[in-house]
2 protein chains.
Amino acid sequence: MSHIRVLIVEDEAIASAAHAAYIARLEGFVVAGTAPDGQSALRLLGEMAAAAKPVELVLLDMNLPDLHGLDIARRMHSAGLFADIIAITAVRELAVVRSAVSVGVVQYLIKPFTFATFAEKLSNYRSFRLQLASPEPGSGQAPASQNDVDQAFASLRTPSESPLPKGLAPSTLDAVSSFLKAQTAAVSATQVMDPLGMSRVTARRYLEFLADSGSVSRSARYGTPGRPENEYLWTGRQSPKG
Amino acid sequence: MSHIRVLIVEDEAIASAAHAAYIARLEGFVVAGTAPDGQSALRLLGEMAAAAKPVELVLLDMNLPDLHGLDIARRMHSAGLFADIIAITAVRELAVVRSAVSVGVVQYLIKPFTFATFAEKLSNYRSFRLQLASPEPGSGQAPASQNDVDQAFASLRTPSESPLPKGLAPSTLDAVSSFLKAQTAAVSATQVMDPLGMSRVTARRYLEFLADSGSVSRSARYGTPGRPENEYLWTGRQSPKG
DNA sequence: ACTGTTGCGTTCATATTGGTCGCAGAAAGG
DNA sequence: CCTTTCTGCGACCAATATGAACGCAACAGT
């Protein structure tokens with residue numbers, strides 16, 4: 001299989017160029033074009049399909065000047081364009097994520113993201129494609145077993161075997177972050193340690209890690225005697241495993 | 001969240017009834033209707049959406065008398081119908097699988113299949129839906145982190161479990177799981193090894209397998225010095241024997 | 001303004017478990 | 001009867017939360 005042809009649909013020129021630069025750094029992908037809005041994206045897709053050089057993957061922003069990303073996906077299908085879609089957007093509404101899945105979005109990247117996250121998503125997609133490629137091009141037949149299909153879907157899933165720093169356990173991280181998500185007000189390490197049954201040192205270590213990775217915001221609490229206390233509030237900006 | 005409303009699209013009456021019977025055996029799903037061909041499926045979907053009782057999930061056969069399954073998916077999107085699609089079909093061509101993914105098929109079931117396989121796919125989908133449900137319905141806000149989205153996608157795409165990993169004996173597995181079932185409180189590997197007369201390593205390996213397969217829940221026990229101890233609690237969500 | 005008090009941030013040694021490696025005994029196959 | 005494979009075990013190393021001790025920054029008297 002040759003390189004996967006990618007169309008970047010993004011209205012901000014800077015972001016569009018950044019995505020193109022990221023694509024260039026990846027093995028197995030090539031930028032087929034860029035479009036600043038939905039209409040030109042659809043036109044480009046049609047032209048390339050007519051020229052027998054179809055786009056196979058679209059990096060699609062949701063907020064575009066003329067059309068919503070979900071609309072673009074639907075119109076692609078109406079026009080018989082079979083490109084896969086990876087959503088790259090700052091929209092974090094769960095309803096949009098669900099709708100995106102139902103119109104065929106295979107990966108959902110939330111801005112801002114690091115190159116590592118970007119590379120992981122596209123690499124997963126490439127692995128998915130390779131598994132669904134015909135093992136014997138000359139055979140003409142390409143039957144698949146349920147297991148083959150499952151394996152392909154699994155490679156599309158984010159493996160997320162996260163390289164956490166030494167001394168941190170994934171389950172503890174889950175416990176702390178889900179507890180933080182349930183809080184509405186900012187909490188201190190002491191307030192975290194008690195309900196979870198862990199020590200203050202441990203609670204603080206995980207809170208500190210979450211703050212560094214950007215998932216929670218950290219601020220100081222004054223007004224009481226003693227050293228000022230750090231308090232943490234869930235913001236959910238970025239994956240804690242990035 | 002109430003039950004997920006399912007529409008079954010299948011031209012063979014026997015298969016259609018079988019699917020409906022399977023759905024009835026599952027928790028959290030309800031059959032909203034059945035359709036023997038593409039046109040009536042689209043009509044039903046439109047009517048139910050207009051009646052404010054939209055179908056949320058379509059079990060879609062690919063080979064129908066009037067339309068191809070992929071066409072139905074595209075027309076659904078053109079009509080603004082947001083139901084998710086699980087393909088249930090005997091078609092095993094890789095090209096069809098790829099096209100299905102690009103039009104938003106979330107699961108792909110190859111006929112014939114067992115109830116266990118069917119239940120697994122639908123259970124994955126339900127878990128995906130639950131993770132993307134708004135935690136607070138009245139809040140109006142539903143922001144998600146990259147990690148949330150990844151986890152939801154992962155639960156949708158987890159492959160079927162392998163029969164039994166190397167190094168595990170069915171008899172020992174039975175002993176461990178039945179012992180766990182008899183416990184009311186969570187137990188650690190050390191607490192399992194003694195009554196069953198096995199070594200800690202062996203007990204831990206079986207507990208770990210049960211945790212991975214979803215039959216038991218795993219959590220950490222804090223509060224005491226030393227490395228945190230994993231404790232396991234029987235939940236019985238899934239048969240350990242696949 | 002100075003100093004004591006207070007409570008959290010930070011570091012380090014320690015305790016206790018998890019995970020892996022290689023081996024012994026048993027079961028299966030020829 | 002011999003060979004191969006599999007299952008469980010002991011012992012090692014790695015991992016990770018805890019507790020104590022120390023330091024630091026803000027408050028509260030004098």
Note to self: Regarding B/Lys181 and B/Asp174, does a basic nitrogen lie under 4.0 Å from an acidic carboxylate oxygen?
What the structure shows: no

Note to self: Does this structure show an ion pair linking A/Glu10 with A/Lys111, if we count only N-O contacts that are shorter than 4.0 Å?
What the structure shows: yes

Could you state the [atom1]-[atom2] distance from [X] to [N], rounded to the nearest angstrom?
X: B/Asp174; N: D/dG8; atom1: CG; atom2: C1'; value: 17 Å
X: B/Met193; N: D/dC9; atom1: CE; atom2: P; value: 9 Å
X: A/Lys166; N: C/dG18; atom1: NZ; atom2: P; value: 17 Å
X: B/Tyr222; N: C/dT16; atom1: OH; atom2: P; value: 18 Å
X: B/Asp194; N: D/dG8; atom1: CG; atom2: C1'; value: 16 Å
X: A/Leu168; N: D/dA14; atom1: CG; atom2: P; value: 19 Å

Checklist line | Spacing of OH belonging to B/Tyr232 relative to OG belonging to B/Ser219, to within rounding of 0.5 Å | finding: 9.5 Å

Margin query: Under 4.0 Å, heavy atoms only, any strand: does A/Ser188 hit a base, just the sugar-phosphate, or nothing?
Written below: nothing

Note to self: Between B/Ser99 and B/Ser102, is there a side-chain donor-acceptor contact under 3.5 Å, judged purely by atom types and distance?
What the structure shows: no

Notebook entry, point to check: Between A/Gly197 and B/Met198, who's closer to the 5' end of DNA chain D by nearest nucleotide?
Noted result: B/Met198

Margin query: With nearest nucleotide decided by heavy atoms, which residue, A/Gly223 or B/Arg221, maps closer to the 5′ end of DNA chain D?
Written below: B/Arg221

Check: Would you call B/Val176 and B/Met198 a side-chain contact if the rule is heavy atoms closer than 4.5 Å?
Finding: yes

Next item on the list: Given side-chain contact (heavy atoms from CB on, under 4.5 Å), test B/Leu207 with B/Leu180 step by step and report yes or no.
Entry: CA-CA 9 Å; B/Leu207 288 171; B/Leu180 264 181; 3.5 Å; yes

Notebook entry, point to check: Think A/Tyr206 has a side-chain N or O under 4.0 angstrom from the OP1 or OP2 of D/dT16?
Noted result: no

Notebook entry, point to check: For B/Thr202 and D/dC9, is the shortest distance between a side-chain N/O and OP1 or OP2 below 4.0 Å?
Noted result: yes

Using atom names, set out every protein N or O paired with an N or O of nucleotides 7-10 of chain C below 3.5 Å, distance rounded to 0.1 Å.
| unit_1 | atom_1 | unit_2 | atom_2 | d |
| --- | --- | --- | --- | --- |
| C/dG7 | N2 | A/Arg227 | N | 3.4 |
| C/dG7 | N3 | A/Arg227 | N | 3.4 |
| C/dG9 | OP1 | A/Asn230 | N | 3.2 |
| C/dG9 | O4' | A/Arg227 | NE | 3.4 |
| C/dG9 | N7 | A/Arg200 | NH1 | 3.0 |
| C/dT10 | OP2 | A/Arg204 | NH1 | 2.4 |
| C/dT10 | OP2 | A/Arg204 | NH2 | 3.4 |

Check: Quick one: which of A/Phe113, A/Phe29, A/Tyr125 gives a ring-ring contact (aromatic ring centres under 6.0 Å, His included) with A/Phe118?
Finding: A/Phe113

